[in-house]
There are 2 protein chains.
Amino acid sequence: MARKVTLKDIAEHLGVNTSTVSRALNPETSKMLTAEQNRRVREAADELGYVQNTMAYALKKGRSMTIGVIVPDLMNPVFPPIVKGVMNHLNKQSYTSIIAYSENDIDLALTEIKRMKGRQVDGFILASPFREDASVDYCIEHKIPVITVHRTVDKNVVDKIVIDNESGMQQALEHLLLLGHRRIALIAAPQNISDGYQRYWAYRNLLTENGIEIDEDLIVQADAFSLEAGREATRELLARGASFTAVIASNDLIGIGCIEELEKQNLRCPDDVSVVGFNNMPYLDQFRVPLTTIDIPRARMGEKAAKLILERLKNPDMPLQHIVLEPRLLVRRSTALCKG
Amino acid sequence: MARKVTLKDIAEHLGVNTSTVSRALNPETSKMLTAEQNRRVREAADELGYVQNTMAYALKKGRSMTIGVIVPDLMNPVFPPIVKGVMNHLNKQSYTSIIAYSENDIDLALTEIKRMKGRQVDGFILASPFREDASVDYCIEHKIPVITVHRTVDKNVVDKIVIDNESGMQQALEHLLLLGHRRIALIAAPQNISDGYQRYWAYRNLLTENGIEIDEDLIVQADAFSLEAGREATRELLARGASFTAVIASNDLIGIGCIEELEKQNLRCPDDVSVVGFNNMPYLDQFRVPLTTIDIPRARMGEKAAKLILERLKNPDMPLQHIVLEPRLLVRRSTALCKG
DNA sequence: GTGAAAGCGCTAACAG
DNA sequence: CTGTTAGCGCTTTCAC
């Protein structure tokens, strides 16, 4: 690796002190110097190809201009747009993000957080937490600024960017009710994850509010946000033998898996069963059965999260923020009039 | 932010010198100390919650244990698995990766590289390069270890992990020929990107080798690796009026866009036209027309890339590596016997 | 086997 | 306005 150009190199080249160079290169302090001096230094820096050593800067200033971002799984198409939203905003403010994934493993998440703490990240954006989450606790305990996005914890100890799952469920339900469905099943997602939990309770509460009695046989648990989990849950639902004309799946992958299993058992979607998903994952409109779903503003969530962590950094004593974004129903071809 | 625990804290706590603590905590040097001393230090470190300050380490050692990874676009489903493969391997070796995306913009890529250079990354893995690419040149010029993955540059100046596009095209072509197709169109991808270029020439060469005359009217250019570009290219192909019974698309997204446009113009896939794609993007089997495609080992490419950059770091004078991985045909439902 | 001290590249008092 | 100097947290040579 070629020897790096340092402040000292520029200083010697110009016959001035390193601090002069440092001042000239920093917009905050450059006004201390004559315009002429500034020009000279900047020119020399350009000429020699100077790039500031962020490590030294960080060591000195005690902040690294870095934000750690942890997502459960890069392969789940929900997260890349969030990450992109985060990076977009952070880069603009000359922050860098370090991404890691937790594989939905709480220990891994904590390991990553410690690793990043060692890298002096200034704060965290977590899309990975469970409703109870040791990694969030760790951050709080160590007074490391942290905000949660998409998923969050139950305890009211941290800034949150979430979507209004109640509203999402309401829109899904209203849509199905309008189509005449009354026997509406739910494939719930893991209850230790906020989205799974909130959607589950929203379903129960809203059904009741609409005067529909809850049939416990119509509620099954998927043990992950995945296709396979959707298939399996549907298998169980069908095995129970209770009749239904519509299914609300806790996310799109589960919904797609559901449709697959329905068809395998000779039920067509939407002719026999309507299905609605959650999240509006990319390219969903291109799927075999274009899924009616609840669209969530992922990139915007990411941006808001980035904005919020920077505010929190600037103002650690700001009251806890809780930002709720509105999802919206996207009707496609997996839902139809109830024929029952 | 809570005060960080440093070596000095542990040293004072124990009444020893910081260098002793440093030695105890580093496996390489801990053998200098008595077992007893080692134990004491480790215990104290645990107790106080010590985490090494990577910035200080990096500043001292001149290496940051960080690799910069640049992909053109996180949203293109080809890249997350590559990134994941990279991170998997790097993490195991206690390296951290910093991800950035270039949006296929050469200036942005270069900006990101300079930014990361400032963060003292030890090397780069680039999935972003064009066939001629200033960011690769920059790395070479500044003697920063760099390897390219998936895409690469023409010049033979850098380590590469690529797939055998010739073989991929051959498998696609053979499959179509076996089904009786002779009038096979190509939707080429941007020619300034290695995959686009290689697939284009493989098509030309292999067609000729198989005794099929090339009809220039059957070759159209998509101006991106996207759905929309696929639609547009297909529109042009159809407008030219030349007859064809099969299309090879330079990637899956283009292929899907192609099918969409075909159907819009009342041509069914695979009944009227067979289509094959490239890359086997996730969930492709769930699409309306499950695309026959050329599968590439993305996670493995990422892992190999990570492995290679670490080797290159260890041994800068190692001869240039050029690793070629084999793709393989995946037959699904977008290809059928030629009825022409 | 362990301590003392220098120094990685940078910034920020403090002087002048 | 600019130079001097100390020090961020760590590793490592050199002493002892």
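Values reported hereafter were calculated over all heavy atoms of this structure, with side chains retained and with hydrogens, waters and symmetry mates removed. Numbers restart at 1 for each chain; the letters A, B, ... are given by sequence-line order, proteins then strands.
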- Query: With a 4.0 Å cut-off on heavy atoms, is A:S19 in touch with a base, just the backbone sugar-phosphate, or nothing at all?
  - Reply: base
- Item | Euclidean distance, atom CG of residue B:D9 to atom C1' of D:dC10 [Å, nearest integer] | 13 Å
- Does atom CD of B:Q321 have more than 12 heavy-atom neighbours from other groups under 6.0 Å away? yes
- Specify the residue among B:M32 and B:N53 whose closest nucleotide of DNA chain D lies further upstream toward the 5′ end. B:N53
- Task: Measure distances between side-chain N and O atoms of B:K60 and base N and O atoms of C:dG7, and say whether any donor-acceptor pair falls under 3.5 Å.
- Result: yes
- Query: Which distance, rounded to the nearest 0.5 Å, do you find between the OG1 of A:T152 and the CG of A:D195?
  - Reply: 10.0 Å
- Is A:R39 salt-bridged to A:E43, cutoff N-O under 4.0 Å? yes
- Task: Starting at atom CZ of A:R63, determine the distance to atom P of D:dG9, rounded to an integer number of angstrom.
- Result: 16 Å
- What integer distance in Å separates A:K31:NZ from D:dC1:C1'? 15 Å
- Can you find a side chain N or O atom of B:K8 that sits less than 4.0 Å from OP1 or OP2 on D:dC8? no
- Query: Should the pair B:R115-B:E112 be classified as a salt bridge under the 4.0 Å nitrogen-to-oxygen rule?
  - Reply: yes
- Message: Nearest heavy atom decides the nucleotide; on that basis, is B:T20 or B:L59 closer to the 5' end of DNA chain D?
- Response: B:L59
- Message: Does a side-chain N or O of A:Y50 approach OP1 or OP2 of C:dC10 to a distance below 4.0 Å, or not?
- Response: yes
- Message: Any donor-acceptor pair under 3.5 Å linking the side-chain atoms of A:R119 with those of B:T96?
- Response: yes
- Should A:N17 be listed as having a side-chain N or O under 4.0 Å from OP1 or OP2 of D:dT2? no
- Message: I want to verify a distance call: between D:dA6, C:dA4, D:dC1, whose nearest atom is closest to the A:T34 side chain?
- Response: D:dC1
- Message: Can you identify which nucleotide, out of D:dT12, D:dG3, C:dT11, has its nearest atom closest to the B:S22 side chain?
- Response: D:dT12
- Is any side-chain N or O of A:Q52 closer than 4.0 Å to OP1 or OP2 of C:dT11? yes
- Query: Which of these nucleotides, C:dC10, D:dT12, D:dT2, is closest to any side-chain atom of A:L33?
  - Reply: D:dT2
- Whole-Å distance separating the CZ atom of B:R119 from the P atom of C:dC8: 22 Å
- Distance test, side-chain N/O of A:Q37 to OP1/OP2 of D:dC1, below 4.0 Å: no
- Message: Output the rounded distance in Å from CE (A:M65) to P (C:dC10).
- Response: 16 Å
- Query: Is B:R23 side chain donor-acceptor paired with the D:dT13 base, going by distance under 3.5 Å alone?
  - Reply: yes
